[in-house]
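Comments concern the structure below.
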Amino acid sequence: MKKTRPLIVIGIPGDKRTGGIQQAGSRLGLPPAIIIPYTGLLAGRTLAELLEAEGFPQRTAASLAGPSAPLLRLDSPGGSFEVERALITLGAPDAGDCRDVLHPFGQRPDPFPLSSRTAGKLRDVPGVLHHPSQWFRGYCRLLARLREEAALLLPDSKWLNDPQDIADMTDKRRTQQLLASADVRIPRPLSAEQTLEDYSSIREQMIRQRMHRIFIKLACGSAASGVIAYQVNPSTGAEIAVTTVGVENYITRPPIYYNSGKLRRYTDSRTIAGLINWLCGHGAYAEQWIPKSGAGGTSLDIRQLVVLGKACHSIVRVSTTPITNLHLRSRRMSPADAGLSGETQEQVRNTAVQALAAFPGSSVAGIDVLVSAGSQLTYAADVNPFGDLLYNVEYQGFGTYEWELKQLIKEGHL
Amino acid sequence: MSEVKLAIGYDEFEDGQRIETAVESLSASPEAASLSSLIIGDWGQAYENSSEDVVEALVKHSASFPALRKLFIGEMGYEECEISWITQSDLSPLLPAFPELQSLTIQGGNGLSLSKLEHDKLEELIIITGGLGKGVLAQIAASELPNLRKLELYLGVDDYGFDGSLADLLPLIEPGKFPKLTYLGLKNSEIQDEIAIAVADAPILDQLDTLDLSLGTLSDKGAEVLLASGRIKGLKALNLSHHYMSEEMLARWQSSGLPADISDRQTSDDDEDWRYPSITE
């Protein structure tokens, strides 16, 4: 067996991601990856302590430095309420660790911040968006800490995706800024300003720029969390918001916003304004609504995985609604079955490769690519640092994790 | 059969492209002479600009399309424009301009008018809306379409422009109104039960092959009367798809042996409350 670098994965032990990586590694005859749990890091234990607890480097007889220094992979912190709560706590204004160096807009205060004490007492209510911006601040703080610890402890190690890039990819405002400066085609932003103020300024901008149909997105949301397909009728002033965000209204306290599995359609200005203002408070990004190509009244977009500069696995997500994420019951198809021409498929791959190249510290990402219905031009809509959890899709006979590991070995990164 | 679709997307419209120019270039192209079906999609920000320019351009160049039999005005999806926001106009000038036309499909009821709905050869009239105004219903009632075989109206809801009532629909099912009609669709309606009850025993059923009451709010109330009708037994197809009937009622349809499409049952609380965590993919 060829000697490889040890792989350290920061993630959630036993979830589909870390599980998938272990499975892929064992199929390739690699020693198991060392899984460092987010919960341990968030409980205040250092990377060194957690590695030691995993018997590293003694058990694997690996060295921390030199050519066999480890490869570090960050995986998604999602899917665990415990981790979510701990990140919101870490993002609190009174948290001990206040290094916002990786936060692309760290200077901008979060709305109604929760103290670490209050954050620590949050209860798990399925789907509720407890405090997205404070969650993101906490995550950026954790990323900064990890980056620093790794630099000291494992100076010769490499990151599969640099924590700085992960912070940037998780903030859509920053992602689109980086894509634009790398000349990747993106849907036209509503505003050159990086911060959207509120409902009325958004409407004013829409009318002024004649951009009557836009997508408004929570800057740090993923999985269609906090996404609104919003349109204003310039003739009548009517408005429609189709969104994943559900609202629970109360008389005595502010509304609660949650991720609804069924798309909502709001037409009354009060609800829409409340929703948009809430998103803006937490940081939002708005862009032109590109009419997405799709046969027979459907919408589609493509999740294209890119590994080490090469496009590999892709799935087309076909929906009867403007929001195509798979858990919202979109259908998945292969690009050919979805009717994308060879030329368009090639364009999709190129756009995705270009998009990842805008993040030079990163080797793997899932890019969401749109194809405009009329022109068939491709646009990079989102860059997902953890976008490689794709089920039942193969590229040259391999699943996503297996393909990544093979490429990393081939290129000498592992 | 040859078919062409013309559409002007948002960006193209902003760039100054216009549907009338597209119609004109098509009329000058070699395929114009044999074109049998023309689809007009978004004519350029259809929520703001009406189809008037489309109509004018088509009338102006109608002589270049001698083979045209099928016309669709306003084929666009929610990715381009909400159906209820599509701004139509008076489309009746199209009829004398294309005397050989057999099929006319219209999408969008906003601003729609068919002021002089007269045509000797038209066989199909399909109007797809989120809400069809009673003014248009009255124009259809006053129409002269002796050859009409298929009338399919998506009636829609009050919120989006359906301001009529059953009384506005009754003239359409008068015997003799459309002597050749074999397909009647009064569908996508919020008064689907009332419609079902009104047509269940109407004499017009005797001439129909297909009755289409789909996509609306049909419940057991309307279904009960339909099932009890002797007249529906002569139908070759009864489309009730997308409905709110009970399981028991569906069982009755199944055992009736009638050619009814009872697919796509709606339940009012279709996983209304399913919520998902933020980070799942």
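Letters A, B, ... mirror the listed sequences (proteins, then strands); counts begin at 1. From a predicted model like this one, the values you see are computed outputs, not experimental measurements.
Under a cut-off of 6.0 angstrom, the local environment of NZ in B:K5 is crowded, with over 12 non-hydrogen atoms contributed by other residues, nucleotides or ligands. Applying the 6.0 Å contact sphere to CD of A:Q209 captures more than 12 heavy atoms from other residues, nucleotides or ligands.
Comparing A:K292, A:R188, A:Q288, A:M211 by how many heavy-atom pairs each has under 4.5 Å with chain B, the most go to A:K292.
Proximity to chain A among residues 45-57 of chain B is limited to B:Q45, B:Y47, B:E48, judged by heavy-atom separations below 4.5 angstrom. Near-neighbour residues of residues 232-241 of chain A relative to chain B, defined by a heavy atom under 4.5 Å from a heavy atom of that chain, comprise A:V232, A:N233, A:P234, A:S235, A:A238, A:E239, A:I240. Contacts of residues 84-94 of chain B with chain A at a heavy-atom distance below 4.5 Å involve B:W85, listed in sequence order. For residues 10-30 of chain B, heavy-atom neighbours of chain A at less than 4.5 Å comprise B:Y10, B:D11, B:E12, B:F13, B:E14, sorted by residue number.
Heavy atoms only, all atoms of each residue included: B:E79 and A:P322 are closest at OE2-CA, 3.7 Å. When all heavy atoms are compared, the tightest approach of B:Y78 to A:W289 is O-CZ2, 3.6 Å.
Contacts of A:T298 with chain B are made by backbone atoms alone, with heavy-atom separations under 4.5 Å and no side-chain atom involved.
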